[in-house]
Undergrad: 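Have a look at the structure that comes next, please.
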Number of protein chains: 2
Amino acid sequence: MSELSEDDRAAVSELRGAVMRLSRRLRHQRVDESLSPTEMAVLATLARCGSATPGELARKEHVQPPSMTRIVAMLEAKGLVHREPHPEDRRQVVVSRTEQADAMLAESRVKRNAWLAQLAEGLTDEERAVLREAAPVLEKLAHL
Amino acid sequence: MSELSEDDRAAVSELRGAVMRLSRRLRHQRVDESLSPTEMAVLATLARCGSATPGELARKEHVQPPSMTRIVAMLEAKGLVHREPHPEDRRQVVVSRTEQADAMLAESRVKRNAWLAQLAEGLTDEERAVLREAAPVLEKLAHL
DNA sequence: ACTAGGTAATGAGCTAAGCTAACGAACGTG
DNA sequence: CACGTTCGTTAGCTTAGCTCATTACCTAGT
(Lines give C-alpha, C1' and ligand atoms only; values in the text may rest on other atoms or scores of the structure.)
Protein backbone atom coordinates (compact mmCIF):
# COMPACT_ATOMS: atom_id res chain seq x y z
CA MET A 1 0.00 0.00 0.00
CA SER A 2 2.96 2.32 0.23
CA GLU A 3 5.21 3.51 -2.56
CA LEU A 4 7.24 0.95 -4.49
CA SER A 5 10.92 0.95 -3.69
CA GLU A 6 13.58 0.63 -6.35
CA ASP A 7 14.27 -2.85 -5.00
CA ASP A 8 10.63 -3.76 -5.52
CA ARG A 9 10.77 -2.74 -9.17
CA ALA A 10 13.91 -4.72 -9.80
CA ALA A 11 12.51 -7.72 -7.94
CA VAL A 12 9.23 -7.85 -9.81
CA SER A 13 11.05 -7.37 -13.08
CA GLU A 14 13.16 -10.38 -12.17
CA LEU A 15 10.02 -12.15 -11.01
CA ARG A 16 8.39 -11.59 -14.37
CA GLY A 17 11.25 -13.20 -16.25
CA ALA A 18 11.52 -16.09 -13.83
CA VAL A 19 7.80 -16.82 -13.92
CA MET A 20 7.76 -16.87 -17.71
CA ARG A 21 10.73 -19.22 -17.95
CA LEU A 22 9.49 -21.43 -15.14
CA SER A 23 6.03 -21.72 -16.65
CA ARG A 24 7.61 -22.84 -19.92
CA ARG A 25 9.50 -25.54 -18.11
CA LEU A 26 6.48 -26.62 -16.10
CA ARG A 27 4.45 -26.82 -19.28
CA HIS A 28 7.11 -29.01 -20.79
CA GLN A 29 8.07 -31.22 -17.84
CA ARG A 30 4.50 -32.07 -17.01
CA VAL A 31 3.93 -34.71 -14.38
CA ASP A 32 1.14 -36.48 -16.17
CA GLU A 33 1.71 -36.86 -19.89
CA SER A 34 -1.90 -36.95 -20.95
CA LEU A 35 -3.02 -33.78 -19.16
CA SER A 36 -2.15 -30.17 -19.92
CA PRO A 37 -1.12 -27.95 -16.99
CA THR A 38 -4.36 -26.02 -17.23
CA GLU A 39 -6.45 -29.17 -17.17
CA MET A 40 -4.45 -30.22 -14.15
CA ALA A 41 -5.10 -26.86 -12.52
CA VAL A 42 -8.82 -27.20 -13.13
CA LEU A 43 -8.86 -30.59 -11.47
CA ALA A 44 -6.94 -29.15 -8.53
CA THR A 45 -9.46 -26.34 -8.23
CA LEU A 46 -12.28 -28.86 -8.31
CA ALA A 47 -10.49 -30.80 -5.60
CA ARG A 48 -10.53 -27.67 -3.46
CA CYS A 49 -14.05 -26.48 -4.26
CA GLY A 50 -15.89 -29.74 -4.79
CA SER A 51 -17.81 -28.54 -7.82
CA ALA A 52 -18.24 -25.40 -9.89
CA THR A 53 -19.79 -24.07 -13.07
CA PRO A 54 -17.66 -23.53 -16.19
CA GLY A 55 -17.99 -19.78 -15.71
CA GLU A 56 -16.66 -19.93 -12.16
CA LEU A 57 -13.79 -22.13 -13.29
CA ALA A 58 -12.97 -19.73 -16.11
CA ARG A 59 -12.82 -16.82 -13.69
CA LYS A 60 -10.69 -18.74 -11.21
CA GLU A 61 -8.22 -19.88 -13.85
CA HIS A 62 -8.17 -16.52 -15.65
CA VAL A 63 -9.31 -18.05 -18.89
CA GLN A 64 -12.15 -16.99 -21.19
CA PRO A 65 -15.39 -18.98 -20.93
CA PRO A 66 -15.11 -20.66 -24.36
CA SER A 67 -11.65 -21.93 -23.42
CA MET A 68 -13.04 -23.43 -20.25
CA THR A 69 -15.78 -25.10 -22.24
CA ARG A 70 -13.10 -26.82 -24.32
CA ILE A 71 -11.10 -27.79 -21.26
CA VAL A 72 -14.11 -29.23 -19.49
CA ALA A 73 -15.07 -31.10 -22.64
CA MET A 74 -11.58 -32.62 -22.78
CA LEU A 75 -11.73 -33.62 -19.14
CA GLU A 76 -15.18 -35.12 -19.64
CA ALA A 77 -13.99 -37.08 -22.66
CA LYS A 78 -11.19 -38.49 -20.50
CA GLY A 79 -13.71 -39.49 -17.87
CA LEU A 80 -12.19 -37.22 -15.23
CA VAL A 81 -15.07 -34.86 -14.86
CA HIS A 82 -18.77 -35.05 -14.99
CA ARG A 83 -21.31 -32.42 -16.07
CA GLU A 84 -24.85 -32.13 -14.78
CA PRO A 85 -27.50 -29.45 -15.13
CA HIS A 86 -27.71 -26.81 -12.45
CA PRO A 87 -30.70 -27.53 -10.19
CA GLU A 88 -32.03 -23.96 -10.15
CA ASP A 89 -30.68 -22.26 -13.27
CA ARG A 90 -30.94 -24.37 -16.38
CA ARG A 91 -28.47 -22.17 -18.28
CA GLN A 92 -25.72 -23.27 -15.97
CA VAL A 93 -23.88 -26.54 -15.71
CA VAL A 94 -22.28 -28.04 -12.63
CA VAL A 95 -18.89 -29.65 -13.13
CA SER A 96 -17.54 -32.12 -10.62
CA ARG A 97 -14.75 -34.65 -10.66
CA THR A 98 -15.16 -38.42 -10.89
CA GLU A 99 -13.61 -41.10 -8.66
CA GLN A 100 -11.21 -41.70 -11.52
CA ALA A 101 -10.06 -38.08 -11.18
CA ASP A 102 -9.45 -38.55 -7.47
CA ALA A 103 -7.37 -41.63 -8.17
CA MET A 104 -5.46 -39.75 -10.87
CA LEU A 105 -4.82 -36.82 -8.55
CA ALA A 106 -3.46 -39.13 -5.88
CA GLU A 107 -1.21 -40.96 -8.32
CA SER A 108 -0.03 -37.73 -9.86
CA ARG A 109 0.79 -36.39 -6.43
CA VAL A 110 3.21 -39.27 -5.98
CA LYS A 111 4.88 -38.64 -9.33
CA ARG A 112 5.06 -34.93 -8.73
CA ASN A 113 6.71 -35.45 -5.38
CA ALA A 114 9.39 -37.55 -7.01
CA TRP A 115 10.01 -34.86 -9.58
CA LEU A 116 10.00 -32.15 -6.93
CA ALA A 117 12.42 -34.04 -4.75
CA GLN A 118 14.84 -34.11 -7.64
CA LEU A 119 14.27 -30.45 -8.50
CA ALA A 120 14.54 -29.28 -4.91
CA GLU A 121 17.91 -30.96 -4.51
CA GLY A 122 19.40 -27.92 -6.16
CA LEU A 123 18.04 -25.59 -3.52
CA THR A 124 19.25 -24.95 -0.02
CA ASP A 125 16.99 -25.26 3.00
CA GLU A 126 16.84 -21.47 3.24
CA GLU A 127 15.75 -21.18 -0.37
CA ARG A 128 13.03 -23.74 0.14
CA ALA A 129 11.86 -21.81 3.18
CA VAL A 130 11.66 -18.68 1.06
CA LEU A 131 9.55 -20.46 -1.56
CA ARG A 132 7.28 -21.89 1.11
CA GLU A 133 6.55 -18.37 2.22
CA ALA A 134 6.28 -17.00 -1.29
CA ALA A 135 3.80 -19.54 -2.63
CA PRO A 136 0.68 -18.03 -1.06
CA VAL A 137 1.80 -14.53 -2.02
CA LEU A 138 2.18 -15.55 -5.64
CA GLU A 139 -1.20 -17.20 -5.43
CA LYS A 140 -2.64 -13.93 -4.21
CA LEU A 141 -0.83 -12.01 -6.93
CA ALA A 142 -2.21 -14.32 -9.58
CA HIS A 143 -5.73 -13.56 -8.43
CA LEU A 144 -5.40 -9.84 -8.06
CA MET B 1 19.97 -31.34 -0.08
CA SER B 2 17.75 -32.76 2.68
CA GLU B 3 14.40 -34.54 2.58
CA LEU B 4 11.33 -32.63 1.44
CA SER B 5 8.89 -31.82 4.21
CA GLU B 6 5.15 -32.16 3.75
CA ASP B 7 4.97 -28.37 3.81
CA ASP B 8 7.44 -28.23 0.95
CA ARG B 9 5.30 -30.50 -1.17
CA ALA B 10 2.16 -28.50 -0.51
CA ALA B 11 4.00 -25.23 -1.15
CA VAL B 12 5.48 -26.24 -4.47
CA SER B 13 2.17 -27.67 -5.54
CA GLU B 14 0.64 -24.29 -4.79
CA LEU B 15 3.60 -22.66 -6.49
CA ARG B 16 2.98 -24.62 -9.64
CA GLY B 17 -0.60 -23.47 -9.91
CA ALA B 18 0.24 -19.88 -9.10
CA VAL B 19 3.05 -19.73 -11.63
CA MET B 20 0.84 -21.09 -14.39
CA ARG B 21 -1.98 -18.64 -13.68
CA LEU B 22 0.39 -15.73 -13.24
CA SER B 23 2.21 -16.49 -16.47
CA ARG B 24 -1.11 -16.48 -18.30
CA ARG B 25 -1.89 -13.06 -16.88
CA LEU B 26 1.56 -11.71 -17.65
CA ARG B 27 1.25 -12.98 -21.18
CA HIS B 28 -2.05 -11.19 -21.49
CA GLN B 29 -1.36 -7.94 -19.64
CA ARG B 30 1.83 -7.28 -21.49
CA VAL B 31 3.44 -3.92 -20.97
CA ASP B 32 4.28 -3.35 -24.61
CA GLU B 33 1.51 -4.34 -26.96
CA SER B 34 3.67 -5.10 -29.95
CA LEU B 35 6.11 -7.44 -28.20
CA SER B 36 5.52 -10.92 -26.84
CA PRO B 37 6.82 -11.71 -23.32
CA THR B 38 9.50 -13.94 -24.74
CA GLU B 39 10.71 -11.28 -27.17
CA MET B 40 10.78 -8.92 -24.22
CA ALA B 41 12.79 -11.43 -22.21
CA VAL B 42 15.30 -11.80 -25.04
CA LEU B 43 15.79 -8.05 -25.18
CA ALA B 44 16.27 -8.02 -21.41
CA THR B 45 18.86 -10.76 -21.70
CA LEU B 46 20.65 -8.83 -24.41
CA ALA B 47 20.56 -5.78 -22.16
CA ARG B 48 22.36 -7.82 -19.52
CA CYS B 49 24.82 -9.61 -21.76
CA GLY B 50 25.46 -7.07 -24.50
CA SER B 51 25.32 -9.58 -27.30
CA ALA B 52 24.91 -13.30 -27.84
CA THR B 53 24.43 -15.95 -30.49
CA PRO B 54 20.98 -17.41 -31.15
CA GLY B 55 22.07 -20.67 -29.57
CA GLU B 56 23.14 -18.98 -26.36
CA LEU B 57 19.87 -17.07 -26.24
CA ALA B 58 17.89 -20.27 -26.80
CA ARG B 59 19.66 -21.97 -23.90
CA LYS B 60 19.19 -18.99 -21.61
CA GLU B 61 15.49 -18.69 -22.39
CA HIS B 62 14.87 -22.44 -22.32
CA VAL B 63 13.61 -22.44 -25.86
CA GLN B 64 14.58 -24.66 -28.79
CA PRO B 65 16.96 -23.13 -31.34
CA PRO B 66 14.40 -22.92 -34.16
CA SER B 67 12.09 -20.93 -31.91
CA MET B 68 14.89 -18.53 -31.15
CA THR B 69 15.56 -18.12 -34.85
CA ARG B 70 11.95 -17.01 -35.30
CA ILE B 71 12.09 -14.69 -32.32
CA VAL B 72 15.31 -13.07 -33.47
CA ALA B 73 13.86 -12.69 -36.96
CA MET B 74 10.82 -10.95 -35.50
CA LEU B 75 12.98 -8.63 -33.43
CA GLU B 76 15.14 -7.87 -36.45
CA ALA B 77 12.08 -7.11 -38.57
CA LYS B 78 10.98 -4.66 -35.90
CA GLY B 79 14.39 -3.02 -35.96
CA LEU B 80 15.15 -3.86 -32.35
CA VAL B 81 17.98 -6.23 -32.96
CA HIS B 82 20.75 -6.57 -35.39
CA ARG B 83 22.51 -9.68 -36.68
CA GLU B 84 26.10 -9.85 -37.83
CA PRO B 85 28.41 -12.74 -38.69
CA HIS B 86 30.61 -14.10 -35.94
CA PRO B 87 34.20 -12.91 -36.46
CA GLU B 88 35.84 -16.30 -35.90
CA ASP B 89 33.18 -18.92 -36.61
CA ARG B 90 31.24 -18.28 -39.77
CA ARG B 91 28.49 -20.71 -38.76
CA GLN B 92 27.51 -18.51 -35.87
CA VAL B 93 25.68 -15.22 -35.77
CA VAL B 94 26.03 -12.45 -33.22
CA VAL B 95 22.82 -10.78 -32.11
CA SER B 96 22.89 -7.38 -30.45
CA ARG B 97 20.28 -4.73 -29.76
CA THR B 98 19.89 -1.43 -31.57
CA GLU B 99 19.59 2.06 -30.08
CA GLN B 100 15.90 1.77 -30.82
CA ALA B 101 15.76 -1.26 -28.53
CA ASP B 102 17.43 0.68 -25.74
CA ALA B 103 14.90 3.47 -26.12
CA MET B 104 12.09 0.93 -26.14
CA LEU B 105 13.42 -0.77 -23.03
CA ALA B 106 13.60 2.52 -21.19
CA GLU B 107 10.08 3.51 -22.21
CA SER B 108 8.73 0.11 -21.34
CA ARG B 109 10.35 0.29 -17.94
CA VAL B 110 8.28 3.38 -17.22
CA LYS B 111 5.06 1.70 -18.32
CA ARG B 112 5.85 -1.44 -16.39
CA ASN B 113 6.46 0.49 -13.24
CA ALA B 114 3.05 2.10 -13.54
CA TRP B 115 1.45 -1.29 -13.97
CA LEU B 116 3.43 -2.76 -11.11
CA ALA B 117 2.54 0.09 -8.81
CA GLN B 118 -1.12 -0.64 -9.45
CA LEU B 119 -0.65 -4.38 -9.03
CA ALA B 120 1.41 -4.09 -5.89
CA GLU B 121 -1.23 -1.97 -4.20
CA GLY B 122 -3.00 -5.18 -3.35
CA LEU B 123 -0.03 -6.50 -1.41
CA THR B 124 1.15 -5.61 2.05
CA ASP B 125 4.71 -4.49 2.75
CA GLU B 126 5.46 -7.89 4.24
CA GLU B 127 4.22 -9.66 1.14
CA ARG B 128 6.35 -7.47 -1.09
CA ALA B 129 9.32 -8.26 1.09
CA VAL B 130 8.63 -11.96 0.64
CA LEU B 131 8.51 -11.58 -3.14
CA ARG B 132 11.71 -9.54 -3.13
CA GLU B 133 13.42 -12.47 -1.45
CA ALA B 134 11.73 -15.07 -3.61
CA ALA B 135 12.55 -13.56 -6.99
CA PRO B 136 16.17 -14.76 -7.15
CA VAL B 137 15.17 -18.20 -5.88
CA LEU B 138 12.58 -18.57 -8.61
CA GLU B 139 15.18 -17.41 -11.09
CA LYS B 140 17.46 -20.16 -9.84
CA LEU B 141 14.68 -22.70 -9.98
CA ALA B 142 13.88 -21.73 -13.56
CA HIS B 143 17.47 -22.46 -14.54
CA LEU B 144 17.88 -25.71 -12.67
C1' DA C 1 -48.68 -12.55 -19.58
C1' DC C 2 -45.31 -10.96 -22.77
C1' DT C 3 -41.53 -8.92 -24.37
C1' DA C 4 -36.71 -6.72 -23.84
C1' DG C 5 -32.46 -7.19 -22.16
C1' DG C 6 -28.97 -9.60 -19.78
C1' DT C 7 -26.18 -13.79 -18.71
C1' DA C 8 -24.49 -18.83 -19.28
C1' DA C 9 -22.56 -22.14 -22.06
C1' DT C 10 -21.19 -23.31 -26.36
C1' DG C 11 -19.72 -23.55 -31.58
C1' DA C 12 -16.69 -21.97 -35.27
C1' DG C 13 -12.75 -20.14 -36.83
C1' DC C 14 -8.30 -17.74 -35.94
C1' DT C 15 -3.72 -16.75 -34.03
C1' DA C 16 0.42 -17.10 -31.34
C1' DA C 17 4.17 -19.45 -29.92
C1' DG C 18 6.13 -23.18 -29.02
C1' DC C 19 7.81 -27.97 -30.90
C1' DT C 20 10.28 -31.76 -34.12
C1' DA C 21 12.38 -33.23 -38.30
C1' DA C 22 15.30 -32.26 -41.97
C1' DC C 23 18.98 -29.55 -44.12
C1' DG C 24 23.06 -26.91 -45.61
C1' DA C 25 27.14 -24.54 -44.41
C1' DA C 26 31.23 -24.29 -41.65
C1' DC C 27 34.29 -26.27 -38.33
C1' DG C 28 37.70 -29.62 -36.40
C1' DT C 29 39.78 -34.02 -36.02
C1' DG C 30 41.54 -38.87 -37.14
C1' DC D 1 41.08 -34.83 -46.64
C1' DA D 2 36.97 -36.99 -45.52
C1' DC D 3 33.86 -37.68 -41.79
C1' DG D 4 31.17 -36.59 -37.96
C1' DT D 5 29.62 -32.49 -35.33
C1' DT D 6 27.78 -28.06 -34.43
C1' DC D 7 25.18 -23.95 -35.71
C1' DG D 8 21.56 -21.61 -37.72
C1' DT D 9 17.76 -22.01 -40.41
C1' DT D 10 13.44 -23.77 -43.06
C1' DA D 11 9.09 -26.26 -43.21
C1' DG D 12 5.26 -28.09 -41.23
C1' DC D 13 2.62 -29.40 -37.05
C1' DT D 14 0.39 -28.97 -32.40
C1' DT D 15 -1.46 -26.85 -28.54
C1' DA D 16 -3.89 -23.70 -26.12
C1' DG D 17 -5.48 -19.74 -25.81
C1' DC D 18 -8.55 -15.83 -28.07
C1' DT D 19 -12.87 -13.36 -30.41
C1' DC D 20 -17.22 -13.34 -32.48
C1' DA D 21 -21.60 -15.31 -33.03
C1' DT D 22 -25.44 -18.36 -31.41
C1' DT D 23 -28.67 -20.61 -28.46
C1' DA D 24 -31.02 -21.29 -24.17
C1' DC D 25 -32.58 -19.43 -20.21
C1' DC D 26 -33.56 -16.19 -16.59
C1' DT D 27 -35.58 -11.55 -14.91
C1' DA D 28 -37.66 -7.07 -14.88
C1' DG D 29 -40.87 -3.75 -16.83
C1' DT D 30 -45.18 -2.89 -18.82
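What you see is a predicted model, and the numbers here were worked out from it, not measured in a lab. Proteins get letters first, then strands, A, B, ... in listed order; numbering begins at 1 in each.
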Undergrad: Please report, rounded to the nearest Å, how far the P atom of C:dG18 is from the NE2 atom of B:His62.
TA: 14 Å
Undergrad: Nearest whole angstrom, please: distance from the P of C:dA9 to the CD of A:Gln64.
TA: 13 Å
Undergrad: Run the numbers on B:Ser51 and B:Arg97 for side chain to side chain donor-acceptor pair (under 3.5 Å), then give the verdict.
TA: CA-CA 7 Å; B:Ser51 65; B:Arg97 58 195 200 288; over 6 Å; no
Undergrad: Taking CE from A:Met68 and C1' from D:dT19, how many angstroms apart are they, rounded to a whole number?
TA: 17 Å
Undergrad: So, OP1 or OP2 of C:dA8: does either fall under 4.0 Å of a side-chain N or O from A:Thr53?
TA: no
Undergrad: In whole Å, what is the span from the CD atom of B:Glu61 to the C1' atom of C:dC19?
TA: 17 Å
Undergrad: Using only side-chain N and O atoms of B:Arg90, determine if any of them is under 4.0 Å from OP1 or OP2 of C:dA25.
TA: no
Undergrad: Tell me, with the steps shown, if B:Glu126 and B:Thr124 meet side chain to side chain donor-acceptor pair (under 3.5 Å).
TA: CA-CA 5 Å; B:Glu126 292 78 29; B:Thr124 66; 3.3 Å; yes
Undergrad: Please report the distance, rounded to the nearest Å, between NE2 in A:His86 and C1' in C:dA8.
TA: 11 Å
Undergrad: So A:Pro54, base contact, sugar-phosphate only, or nothing? Heavy-atom distance under 4.0 Å.
TA: sugar-phosphate
Undergrad: Rounded to whole Å, please give me the gap between CE in A:Met40 and P in D:dT15.
TA: 18 Å
Undergrad: Closer than 4.0 Å, any side-chain N/O of B:Arg24 to the OP1 or OP2 of D:dG17?
TA: yes
Undergrad: Nearest-nucleotide wise, let me know which of A:Arg70 and A:Asp89 is further upstream toward the 5' end of DNA chain C.
TA: A:Asp89
Undergrad: Using a 6.0 Å cut-off, check whether atom CZ of B:Arg70 has over 12 heavy atoms from anything other than its own residue.
TA: no
Undergrad: Give the rounded distance in Å between these two atoms: CG of B:Leu57 and P of C:dA17.
TA: 17 Å
Undergrad: Considering heavy-atom distances to DNA chain D, does B:Arg59 or A:Ser36 have its closest nucleotide positioned more toward the 5' end?
TA: B:Arg59
Undergrad: Pick base, sugar-phosphate or nothing for A:Glu88, based on heavy-atom distances below 4.0 Å to the nucleic acid.
TA: sugar-phosphate
Undergrad: OP1 or OP2 of C:dA9 versus the side-chain N and O atoms of A:Thr69: is any pair under 4.0 Å?
TA: no
Undergrad: Round to a whole Å and report the spacing from CE of B:Met20 to P of D:dA16.
TA: 10 Å
Undergrad: Can you identify which nucleotide, out of C:dA8, D:dG8, D:dA16, has its nearest atom closest to the A:Gln92 side chain?
TA: C:dA8
Undergrad: If you apply the rule side chain to side chain donor-acceptor pair (under 3.5 Å), what do you find for A:Glu61 with A:Thr38, and how did you get there?
TA: CA-CA 8 Å; A:Glu61 299 299 329; A:Thr38 308; over 6 Å; no
Undergrad: From D:dT5, C:dG18, C:dA9, pick the nucleotide closest to the side chain of B:Arg91?
TA: D:dT5
Undergrad: With a 4.0 Å cut-off on heavy atoms, is B:Pro66 in touch with a base, just the backbone sugar-phosphate, or nothing at all?
TA: base
Undergrad: Verify the contact: side-chain N or O of A:Thr38 to OP1 or OP2 of D:dG17, cut-off strictly under 4.0 Å; return yes or no.
TA: yes
Undergrad: So, for B:Cys49 and B:Lys60, which heavy atoms are closest and what is the spacing to 0.1 Å?
TA: SG-NZ, 3.4 Å
